[in-house]
2 protein chains.
Amino acid sequence: MAEIQGGENLLFLTDEQLRQGIEAMFFAYRGFTADPDRILATLAYGRAHHRAIHFIARSPGTTVNNLLAILGVTKQSLNRVLRTLIEDGLVISRVGSADKRERHLFLTEAGAALERKLSDAQRARMRAAYRAAGPQAVAGFRQVLEAMMDPDLRRRYHAIREDDR
Amino acid sequence: MAEIQGGENLLFLTDEQLRQGIEAMFFAYRGFTADPDRILATLAYGRAHHRAIHFIARSPGTTVNNLLAILGVTKQSLNRVLRTLIEDGLVISRVGSADKRERHLFLTEAGAALERKLSDAQRARMRAAYRAAGPQAVAGFRQVLEAMMDPDLRRRYHAIREDDR
DNA sequence: CTTGGAATGTCAACAAAGCTGACTTAATAT
DNA sequence: ATATTAAGTCAGCTTTGTTGACATTCCAAG
């Protein structure tokens with residue numbers, strides 16, 4: 001047993017195994033973004049728009065500041081994206097009732113429709129991958145991904161669902 | 001048994017589970033690139049340089065065309081990156097002996113040193129994540145990532161190691 | 001042996017999406 | 001009152017991707 005712990009069972013930590021994991025992440029992320037990217041390209045939007053739409057859909061009424069922290073970009077960068085989405089009628093920005101400095105972000109019907117379209121495409125690939133790999137593999141997949149996150153982002157990752165209150 | 005297959009065991013395919021997987025990919029990828037990005041920023045290089053260096057290190061003597069297919073960018077985009085790496089003495093481009101149209105790419109000592117530095121940082125995070133999650137989780141992680149790739153890239157992903165001949 | 005096509009490289013122009021820095025406005029908190 | 005915070009804006013810059021056009025070199029097929 002001590003043999004297994006210290007011996008061959010740590011083969012998954014060899015440099016070669018780690019390199020393969022790195023490359024797998026690289027190639028898989030390409031697949032991960034490929035389907036939404038194709039849809040976005042037809043609409044003159046990019047990945048940045050997708051991310052904003054995704055997290056607004058996920059946490060309706062979220063503030064700009066919260067979104068900034070989740071996305072990890074500057075407010076100037078996010079603002080450019082939000083401005084086009086608001087102009088195009090996909091997102092609404094409402095002044096906060098408690099704190100009127102804050103803007104709360106929501107998807108319009110059109111925004112929600114696009115979100116569904118993008119999400120459907122991305123989930124279809126995830127579903128196929130999950131189905132092909134099976135429940136146990138999926139559990140492992142999630143565990144490793146979580147362990148790869150920066151602690152701060154891991155907290156935010158968990159907080160997204162708890163925030164729905 | 002039929003119950004399990006069609007019932008609760010497919011909970012890993014609910015939209016909510018899939019969404020969580022999507023978000024996990026997003027946050028984990030940020031962690032995945034964070035450490036090399038910090039190093040690259042101090043050197044006036046970017047992720048594009050890292051990718052080129054990585055795959056040249058992985059398959060020394062690879063051709064520009066092969067690299068293009070792996071990286072999935074235009075030759076103009078790759079060329080700009082390669083040009084700076086060659087100018088800076090990190091990469092050598094050698095005219096092919098069999099086919100003199102082809103250029104074979106190699107890292108210089110300095111290039112290999114930078115590759116090691118970037119790779120060490122990235123592998124340290126992977127190693128920590130792998131260790132935290134355990135061998136079984138890692139196997140699942142790899143399975144799901146593979147299933148997410150486009151078939152073409154999946155072939156290239158496998159071919160990288162077989163190409164070392 | 002010529003010619004067509006492939007591989008490579010280069011020039012120019014452009015776009016998406018990030019960045020910094022400086023500044024305003026409004027509202028809250030101290 | 002004053003300081004701080006949330007949001008937005010303007011300007012300018014960088015990286016990394018894109019098209020399109022074109023030159024060079026070289027292999028291979030007719």
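Note that the structure is predicted; figures quoted are calculated from it, not measured. Here is the naming used below: chain letters follow the sequence lines, and residue numbers restart at 1 for every chain.
When the side-chain nitrogen and oxygen atoms of Asn65(A) are compared with OP1 and OP2 of dT5(D), none of them lie within a distance under 4.0 Å. Residue Asn79(A) places at least one side-chain N or O closer than 4.0 Å to OP1 or OP2 of dT9(D).
Regarding Arg103(A), its CZ atom lies at a distance of 18 Å from the P atom of dT5(D), rounded to whole Å. When the P atom of dT10(C) is taken as reference, atom CG of Leu82(B) falls 10 Å away, rounded to whole Å. The NE2-P distance, from His104(B) to dC26(D), rounds to 13 Å in whole Å. Residue Asp99(B) contributes atom CG, which lies 8 Å from atom P of dA7(C) at whole-angstrom precision. Following rounding to the nearest Å, Leu43(B) (CG) and dT14(D) (P) show an atom-to-atom distance of 17 Å. One atom, CG of Leu68(B), and another, P of dT8(C), lie 8 Å apart when rounded to the nearest Å. We find that NZ of Lys75(A) is positioned 13 Å from P of dT24(C), with the value rounded to whole Å. For the pair Arg30(A) CZ and dT16(D) C1', the computed distance is 14 Å after rounding to whole Å.
Taking all atoms of both residues into account, the shortest heavy-atom contact from Val95(A) to His104(A) is C-CD2, 4.3 Å.
Screening Leu82(B), Val64(B), Thr62(B) against Arg103(B) for a side chain to side chain contact (heavy atoms under 4.5 Å, CB included) leaves a single residue, Val64(B).
At its two ends the helix from dC1(C)-dG30(D) to dT30(C)-dA1(D) runs along axes set 20° apart, each axis drawn from five pairs and the angle rounded to 10°.
Judged by distance alone with a 3.5 Å cut-off, no donor-acceptor contact links the side chain of Arg101(A) to the base of dA26(C). Residue-to-nucleotide contacts include no donor-acceptor pair under 3.5 Å from the side chain of Lys100(B) to the base of dT25(D).
Using a 4.5 Å cut-off on side-chain heavy atoms (C-beta onward), Thr108(A) and Phe106(A) make no contact. Side-chain contact between Ile160(B) and Ser59(B) is present, with heavy atoms from C-beta onward closer than 4.5 Å.
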Might you work through the side-chain contact (heavy atoms from CB on, under 4.5 Å) test for Met149(B) and Glu146(B), ending with a clear yes or no?
CA-CA 5 Å; Met149(B) 295 176 199; Glu146(B) 263 206 55; 4.1 Å; yes
side-chain contact (heavy atoms from CB on, under 4.5 Å) between Leu90(B) and Tyr45(B), worked out
CA-CA 12 Å; Leu90(B) 301 183; Tyr45(B) 289 137; 3.5 Å; yes
Would you mind building the protein contact string for nucleotides 11-18 of chain C? One character per nucleotide, 5' to 3', B for base within reach (heavy atoms under 4.0 Å), S for sugar-phosphate only, - for untouched.
B-----BB
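Contacts of Ala98(B) with the nucleic acid, taken as non-hydrogen atoms under 4.0 Å apart, involve only primed sugar atoms and P, OP1 or OP2.
Surrounding CD of Glu16(B) are more than 12 heavy atoms belonging to other residues, nucleotides or ligands, all under 6.0 Å away.
Side-chain atoms of Thr33(B) come within 3.5 Å of backbone N or O of Arg30(B) as a donor-acceptor pair.
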Under 3.5 Å, which donor-acceptor pairs do the side chains of residues 115-135 of chain B form with other protein atoms, sequence neighbours left out?
| from | atom 1 | to | atom 2 | distance (Å) |
| --- | --- | --- | --- | --- |
| Glu115(B) | OE2 | Arg19(A) | NH1 | 3.4 |
| Glu115(B) | OE2 | Arg19(A) | NH2 | 3.4 |
| Ser119(B) | OG | Arg123(B) | NE | 2.9 |
| Ser119(B) | OG | Arg123(B) | NH2 | 3.2 |
| Asp120(B) | OD1 | Arg123(B) | NH2 | 2.7 |
| Gln122(B) | NE2 | Phe32(B) | O | 2.9 |
| Arg123(B) | NE | Ser119(B) | O | 3.3 |
| Arg123(B) | NH1 | Asp15(A) | OD1 | 3.0 |
| Arg123(B) | NH1 | Asp15(A) | OD2 | 2.3 |
| Arg125(B) | NE | Gly31(B) | O | 3.0 |
| Arg125(B) | NE | Asp35(B) | OD2 | 2.9 |
| Arg125(B) | NH1 | Met148(A) | O | 2.9 |
| Arg125(B) | NH1 | Asp150(A) | OD1 | 3.1 |
| Arg125(B) | NH2 | Asp150(A) | OD1 | 3.0 |
| Arg125(B) | NH2 | Asp35(B) | OD1 | 3.2 |
| Arg125(B) | NH2 | Asp35(B) | OD2 | 3.4 |
| Arg127(B) | NH2 | Asp15(A) | OD1 | 3.3 |

